[in-house]
Amino acid sequence: HRDVERRDGLVGDDDLGVGGEGAGDADPLALAARELVRIAAAGVDREPDFVEHARDALRLLAARREPVDLREVAIAAVHLVEAHPDCHADSAITVTGPATIIDADEDLLHRVIANLVLNAVQAAGGPVNVLVTIGPALQSDVPRGSGIESPIRLDVKDDGPGIPEDIADRLFQPFVSGRPGGSGLGLAIVQRAVEAHRGLITVASAVGEGTTFTIFLPTNWSAEEDE
């Protein structure tokens, strides 16, 4: 969707330096994204949002980070979703939590949050309550073995229909979608964007009760971790 587009336009392989050999070529999602961009360039628009998602996948290979306020990023993402035509007028989307500064790619995190909130809105197909909560996490809250230090937690919780059981176990796999017309790339890109920030994402859902996506991110990380 152009609604989750911010500052940059369509990015090609040459812009990201992924046309030749490199780590990106080994990532199935990045390879699939490049193929989708190629198809789109040929004028075959089979999915309304796959070009946007493909571009986001490519941007993961060029993620940049700087100190950003996660709360402000979330507020901006929510405002964007509230203006989306799929957002019912009676839906309530709320952001709670203190100003939270982390080292991150602002655009990628904006897309992550906007994607999760928009998914909640679209899955509901009507009025829905979505709560985005941000703040420091207890080390005991973080799944063991994650290696995330000074963790920040972001929850996106809704009271919508929940995730269909037949796709719950494959939710973050590319091309898996529970929405007619969906590309199935959105949540796969969300997961990889979180991982690009040395974080992790989990999901808990009950059919008929709602869904909660939980993201844990480090406040910052050292240059040695990028090597």
Side-chain angles (χ1 to χ4, degrees), residues 1-11 33 36-37 40 45-60 63-64 66 68-100 102 104-135 154-163 171 177-194 197 201 203 205 210-215 217:
H1 301 278
R2 289 193 61 81
D3 301 85
V4 294
E5 180 174 339
R6 298 193 73 198
R7 292 197 284 265
D8 48 345
L10 184 64
V11 177
L36 288 175
V37 171
D45 189 5
R46 296 178 299 187
E47 300 281 2
D49 58 352
F50 74 66
V51 176
E52 181 74 17
H53 288 326
R55 185 200 52 207
D56 288 351
L58 290 169
R59 283 200 70 248
L60 291 178
R64 56 193 183 274
E66 59 188 358
V68 299
D69 185 343
L70 189 57
R71 183 177 185 275
E72 291 300 316
V73 174
I75 290 172
V78 164
H79 287 335
L80 203 59
V81 174
E82 288 174 332
H84 194 282
D86 289 346
C87 187
H88 195 280
D90 292 330
S91 291
I93 309 175
T94 306
V95 177
T96 65
T100 303
I102 66 171
D105 182 315
E106 181 177 354
D107 283 343
L108 276 182
L109 287 189
H110 181 277
R111 292 164 192 269
V112 164
I113 299 169
N115 190 299
L116 293 177
V117 175
L118 183 60
N119 276 357
V121 166
Q122 291 176 326
V128 65
N129 297 305
V130 183
L131 178 63
V132 182
T133 305
I134 298 161
L154 182 147
D155 291 302
V156 178
K157 180 178 182 180
D158 68 68
D159 61 358
I163 297 169
L171 196 61
S177 177
R179 179 170 58 88
S183 68
L185 283 174
L187 288 176
I189 290 167
V190 163
Q191 183 184 53
R192 282 156 177 80
V194 171
H197 287 84
I201 181 170
V203 59
S205 184
T211 300
T212 300
F213 286 92
T214 299
I215 295 173
L217 296 167

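On a predicted model such as this, the values are computed, not experimentally measured, just so you know. For reference, positions follow the sequence shown, starting with 1.
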Expected output: side-chain His88 to main-chain Val128 donor-acceptor under 3.5 Å: no
Quick one, Val190 and Phe213 - any side-chain contact, counting heavy atoms below 4.5 Å? no
Drop me the distance from Arg71's CZ to Thr100's OG1, to the nearest 0.5 angstrom. 8.5 Å
Could you walk me through whether Val130 and Leu116 pass the side-chain contact (heavy atoms from CB on, under 4.5 Å) check? CA-CA 10 Å; Val130 183; Leu116 293 177; over 6 Å; no
So, do Leu70 and Ile113 sit near enough that their side-chain heavy atoms are less than 4.5 Å apart? yes
Give the minimum heavy-atom separation between Gly126 and Ser91, together with the two atoms involved. O-OG, 3.6 Å
Derivation of the side-chain contact (heavy atoms from CB on, under 4.5 Å) call for His110 and Leu80: CA-CA 10 Å; His110 181 277; Leu80 203 59; 3.4 Å; yes
Say you draw a straight line from CG of Leu187 to CD1 of Ile201; how long is it, rounded to the nearest 0.5 Å? 7.0 Å
For Gly135 against Pro98, the heavy-atom pair lying closest together: CA-CD, 4.3 Å
Within the 4.5 Å heavy-atom criterion, are Asp155 and Leu131 side-chain neighbours or not? no
Applying the side-chain contact (heavy atoms from CB on, under 4.5 Å) criterion to Ile102, which one of Asp69, Leu109, Ile134, Leu154 satisfies it? Leu109
Tightest non-hydrogen contact, residues Val68 and Ala104, listed as CG2-CB, 3.8 Å
Using every non-hydrogen atom in the two residues, find where Ala114 and Val81 come nearest and quote the distance to one decimal. O-CG2, 3.7 Å
CD1 on Ile189 to CG on Asn115, rounded to 0.5 Å: 8.0 Å
Side chains of Val121 and His84: closer than 4.5 Å at any heavy-atom pair? no
Do Val112 and Ile215 have side chains that get closer than 4.5 Å, going by heavy atoms? yes
Over all heavy atoms of both residues, which pair between Ala124 and Pro161 is shortest? Give the atoms and the distance, please. CA-CD, 3.8 Å
Restricting to non-hydrogen atoms, name the atom on Asp105 and the atom on Asp107 that form the minimum distance, rounded to 0.1 Å. OD1-N, 3.1 Å
Full working for side-chain contact (heavy atoms from CB on, under 4.5 Å) between Thr133 and Lys157: CA-CA 8 Å; Thr133 305; Lys157 180 178 182 180; over 6 Å; no
With side-chain contact (heavy atoms from CB on, under 4.5 Å) as the test, would you mind laying out the steps for Leu217 and Val194 before giving the verdict? CA-CA 8 Å; Leu217 296 167; Val194 171; 4.2 Å; yes
Give a yes or no on whether the backbone of Gln122 and the side-chain of Asp86 come within a donor-acceptor separation of less than 3.5 Å. no
